[in-house]
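The structure appears below as structure tokens.
Order of the sequence lines fixes the chain letters, A, B, ..., with proteins taken first and strands second; residue numbering starts at 1 for each chain.
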Amino acid sequence: MISGTGKGFGHFEMELQLKAQELVSVLNEGNLSDAMDIIQELHEFRHKTFFTEVGHLTRGLHEAIKAFSSELGSSLQLDDESAPEDADAADRLNYVIEVTEKNAHETMDRVDKALGLVDQLDSQSERFKDLLLLVGQLEKEHDSLNGVYDRTCAVKEESEKTIETLRTELTDIVVSQSYQDITGQLIRRVINLVTNVETHLISLMEMAAKVEKLSGIEVQPTTETDQENKKNPIQAEGPQVKKDSADVVSNQDEVDDLLSSLGF
Amino acid sequence: MNKDMKILVVDDFSTMRRIIKNLLRDLGMTNVQEADDGQTALPILKQGGIDFLVTDWNMPGMTGIDLLKEVRSDPNLAHMPVLMVTAEAKKEQIIAAAQAGVNGYVVKPFTAAVLKEKIDKIFERLG
């Protein structure tokens with residue numbers, strides 16, 4: 001939770017009203033010199049309040065990001081020893097990408113094996129065809145085999161259709177692994193955001209520290225000097241989350257329409 | 001369509017490269033090489049021998065759109081068919097890709113049927 005100073009702007013307002021009343025009363029008394037002093041006090045007080053407030057908000061935000069890093073860490077480490085220890089938010093999120101990538105490949109390994117089995121079924125079906133021809137010939141010689149050839153052919157056709165459906169389903173499983181790419185790209189954007197916010201936050205804190213020093217504002221000591229973590233800037237935008245936006249296409253048909261309107 | 005043609009698949013996610021490779025295999029095209037961004041793809045292309053380029057857009061190093069522009073500006077590669085397979089779905093991006101000379105544009109996530117259809121279409125047009 002990000003919060004401001006204990007006193008905050010409520011205190012500022014109260015103080016302002018008190019000083020204003022004081023100002024009016026000294027002015028009514030005709031005491032200009034005291035009035036000028038009060039105006040000067042008000043001026044300093046305003047500065048002090050704003051700087052302290054910004055400083056506290058900055059620290060709060062920084063703490064929130066640090067807490068996010070460690071919470072993410074403890075929720076990811078579970079029982080996997082390869083999870084990075086002592087890592088920041090960007091590392092943790094990169095780890096999510098790695099894990100999903102590994103799992104997507106494992107799924108595809110199994111699907112590849114299954115597709116190999118489907119190929120075997122296909123070749124067995126070919127061998128079956130030879131046997132069927134034999135049945136066809138025997139059928140003519142033995143009345144008791146009457147109709148067996150046709151019935152077996154029907155079963156064979158049915159099983160070939162099943163094999164084809166199975167192949168399509170397995171291919172769809174492979175294609176659906178693209179979620180890993182899509183989510184991975186979004187996670188990279190979050191990594192970028194967190195990294196950017198932290199970098200700017202550090203600049204802001206440094207600036208606040210300088211202002212505090214120059215204006216002689218006393219604040220509680222803090223320990224933040226975290227490393228800047230500059231990762232690859234991503235030029236493209238990645239997957240679109242808000243698909244209903246007017247400048248974003250929502251499906252392949254719209255891509256095709258747009259391209260054909262351009263003469264493609 | 002020549003089934004022996006050499007295809008370069010460029011994507012920074014190995015998952016996606018594998019998906020595209022599998023689908024190409026279903027189409028009978030098994031001569032596939034991979035690269036993980038434009039920077040590694042370009043030298044492979046310049047070496048010659050690649051007949052068809054399938055590329056993502058959003059990649060570190062060199063993006064797919066920059067790779068496409070490089071390809072179109074190289075007299076040896078300028079006529080290579082290029083299919084973009086990407087999550088970038090803004091109209092202005094699709095228009096930019098078209099203007100840069102892309103031959104087909106597939107948005108992720110896609111189905112096997114869509115990818116096959118777009119590849120068929122590209123080679124139909126090229127004759």
Side chain, backbone, both or neither: which part of L23(B) has an atom under 4.5 Å from a heavy atom of chain A? side chain
Which of these, Q180(A), K102(A), H105(A), sits in a side chain to side chain donor-acceptor pair (under 3.5 Å) with S14(B)? H105(A)
So, the part of R17(B) with a heavy atom under 4.5 Å from chain A: the answer is neither
Given D12(B) and R188(A), is the side chain to side chain contact (heavy atoms under 4.5 Å, CB included) satisfied, shown in steps? CA-CA 12 Å; D12(B) 52 332; R188(A) 278 191 190 164; 2.6 Å; yes
Which residues in residues 32-44 of chain B have any heavy atom lying under 4.5 Å from a heavy atom of chain A? none
Only one of I19(B), T111(B), T15(B) passes side chain to side chain contact (heavy atoms under 4.5 Å, CB included) with S178(A), and that residue is I19(B)
Any ion pair linking R18(B) and D181(A) (charged N to carboxylate O, less than 4.0 Å)? no
Please check if atom NZ in K113(A) has more than 12 non-hydrogen atoms from other residues, nucleotides or ligands closer than 6.0 Å. no
State whether the number of non-hydrogen atoms from other residues, nucleotides or ligands found under 6.0 Å of E106(A) atom CD is greater than 12. yes
Report yes if the side chains of N22(B) and D112(A) come closer than 4.5 Å at any heavy-atom pair, otherwise no. yes
Closest non-hydrogen atom pair, A112(B) against T171(A): CB-CG2, 4.1 Å
Measure the spacing between CZ of F13(B) and OG1 of T183(A) and express it to the nearest 0.5 Å. 7.5 Å
One should read off an interatomic distance between Q185(A) CD and K108(B) NZ, to the nearest 0.5 angstrom, of 5.5 Å
Please look at D26(B) and chain A and tell me whether the side chain, the backbone, both or neither of the residue comes under 4.5 angstrom of a heavy atom of that chain. side chain
Around atom CZ of R25(B), are there more than 12 heavy atoms from other residues, nucleotides or ligands closer than 6.0 Å? yes
What part of V114(B) gets closer than 4.5 Å to chain A, counting heavy atoms only: side chain, backbone, both or neither? side chain
